[in-house]
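Data block below; observations after.
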Amino acid sequence: PGDDFQFILCEGCQQASPNLKLLTCLHTLCLNCLSKNKPIGQCPVCQTPIPQASGIPDMDNVLFTNLQARLSIYKKIADGVDLFCNNCKEASEFWCSECKEFLCTRCFEAHQRYLRKENHEVKKVVDIRAGSAKDFLEGSRKTGNFFCSNPTHKSQTVSIYCTTCRKPLCCSCALLDSQHAPFCDIHSETQRQQRELSTMAQELKQKRSRFQATQAVLRDEAARLEEKMSLYATEQEVMDMQPFVRDSLQELQRLQPPATRGREQPRDLSECRARLQAL
């Protein structure tokens, strides 16, 4: 990736990886670096303990992993090499970010005819090539559909958020299960969760921490991740990652500044005068 996207690499080896893990300190490491670091049991960047006995955190950094995949598509388009239609292998002229497929002119026409009600955003390859990688990522973020996790209707898009069980739902889930209430719009909830992370990151910037140097690194990491999520994360990526990131930020907020050590503070001027006279 270019310099603007070095943040999606493993922070240990600085390499791209399809298996990126997000630690509670909010650093991102690949499985290879975590395996090498297992005997130490700490984040190699900031030395925060890794709670899992295996040394491998449970949380995937789905945002950075998905951004790597999207950037590889952009690079393929920008290089103009081996751009063939995914259906008939003719020269590709279009890219559908919803289907994640290259299309020739004939297949594009069929795509538009059969999926005209689906609102798929299809762009010309030449237009994508003329734009920047950031433009491409922002465009693919806006078109990313969020599908229901229920296997019986997994093709349905999510449009509702249940504030009781804190779970995104499709319309079928909401109608068939009366326990899900009250509801709110999924777009509103995504924005609320983004604002929550932003507020917590700002509070951490203003907070005096227990271990000044180490916590400054953690605060910077929190602010960096929150910024990248607000720029590039799809609604599904926000819902997948926000609870973990929020809990990590809350843990950082619980760290209290140190109490004054080494001496007691005089309670008033008379006590201070008495101490000076005793010298």
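- Heavy-atom minimum distance, Leu71 versus Ala133: CD2-CB, 4.0 Å.
- Asp79 contributes atom CG, which lies 9.5 Å from atom OH of Tyr74 (distance to the nearest 0.5 angstrom).
- Scanning both residues, Glu90 and Cys104, for their nearest heavy atoms gives CB-CB, 4.0 Å.
- The nearest pair of heavy atoms linking Leu20 to Gln68 is CD1-NE2, 3.3 Å.
- With a 4.5 Å cut-off on side-chain heavy atoms, Leu29 and Pro44 count as touching.
- Residues meeting the salt bridge (Lys or Arg N to Asp or Glu O under 4.0 Å) test with Asp82, sequence neighbours left out: none.
- If you chain together hydrophobic residues whose side chains sit under 4.5 Å apart, Ile128 and Leu103 never meet in one group.
- Side-chain contact between Lys38 and Ser35 is absent, with no heavy atoms from C-beta onward closer than 4.5 Å.
- Under the 4.5 Å side-chain heavy-atom criterion for Ile, Leu, Val, Met, Phe, Trp and Tyr, Leu67 and Leu231 are members of the same hydrophobic cluster.
- Here CZ of Phe244 is found 6.0 Å from OG1 of Thr24. Values are rounded to the nearest 0.5 Å.
- Looking only at side-chain heavy atoms (C-beta outward), Val45 and Leu23 stay at 4.5 Å or farther from each other.
- The local environment of CZ in Arg192 is crowded, with over 12 non-hydrogen atoms from other residues, nucleotides or ligands closer than 6.0 Å.
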- Query: Does the pair Asn66 and Thr234 meet the rule for a side chain to side chain contact (heavy atoms under 4.5 Å, CB included), with working shown?
  - Reply: CA-CA 10 Å; Asn66 291 343; Thr234 63; 5.9 Å; no
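- Rounding to the nearest 0.5 Å gives a distance of 8.5 Å between SG of Cys10 and CD of Gln15.
- The two residues Cys96 and Cys99 make their nearest non-hydrogen contact at SG-N, 3.3 Å.
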- Task: Report the C-alpha distance between Leu26 and Leu249 in whole Å, list the side-chain angles of each, state the deciding distance to 0.1 Å, and finish with yes or no for side chain to side chain contact (heavy atoms under 4.5 Å, CB included).
- Result: CA-CA 9 Å; Leu26 302 182; Leu249 292 178; 3.8 Å; yes
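- Expressed to the nearest 0.5 Å, how far NE2 of His27 lies from OG1 of Thr48 amounts to 7.5 Å.
- Taking every heavy atom of both residues into account, Ala233 and Leu63 meet most closely at CA-CD1, 3.7 Å.
- Summarising the local packing, NZ of Lys228 is surrounded by more than 12 heavy atoms from other residues, nucleotides or ligands at distances under 6.0 Å.
- Taking the side chain as every heavy atom from C-beta outward, Leu83 and Phe102 approach each other to under 4.5 Å.
- For Tyr232 and Phe5, the distance between ring centers is under 6.0 angstrom.
- Residues Glu226 and Ser198 share a closest heavy-atom pair of OE2-CB, 3.4 Å.
- The side-chain heavy atoms of Trp95 and Lys100, taken from C-beta on, include a pair separated by under 4.5 Å.
- Criterion: ILVMFWY side-chain heavy atoms under 4.5 Å apart, direct or through other members. Under it, Val122 and Phe136 are not part of a common hydrophobic cluster.
- Atoms CD and SG, on Glu11 and Cys43 in that order, are 7.5 Å from each other to the nearest 0.5 Å.
- Residues that satisfy the ring pair (Phe, Tyr, Trp, His ring centres under 6.0 Å) test with Tyr161, not counting sequence neighbours, are absent from this structure.
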- Query: side chain to side chain contact (heavy atoms under 4.5 Å, CB included) between Lys134 and Asp4: does it pass, once the steps are laid out?
  - Reply: CA-CA 9 Å; Lys134 186 174 181 181; Asp4 290 343; over 6 Å; no
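- Between Met241 and Asn61 the shortest side-chain heavy-atom distance falls below 4.5 Å.
- Atom SG in Cys85 sits 10.5 Å away from atom NE2 in His111 (nearest 0.5 Å).
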- Message: Test side chain to side chain contact (heavy atoms under 4.5 Å, CB included) on Gln242 and Val238; report intermediate values, then the result.
- Response: CA-CA 5 Å; Gln242 196 269 0; Val238 171; 4.3 Å; yes
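- Considering Glu189, Glu196, Gln191 as possible partners of Gln193, the one that fulfils the side chain to side chain donor-acceptor pair (under 3.5 Å) test is Glu189.
- In this structure, Thr65 and Asp60 have side chains that are not in contact, with every pair of non-hydrogen atoms separated by 4.5 Å or more.
- Classification of the Phe94-Phe108 ring pair by plane angle, with boundaries at 30° and 60°, yields parallel.
- When side chains are defined from C-beta on, Gln194 counts as touching Met229, because their heavy atoms get closer than 4.5 Å.
- Residues passing the salt bridge (Lys or Arg N to Asp or Glu O under 4.0 Å) test with Glu109: none are found, sequence neighbours excluded.
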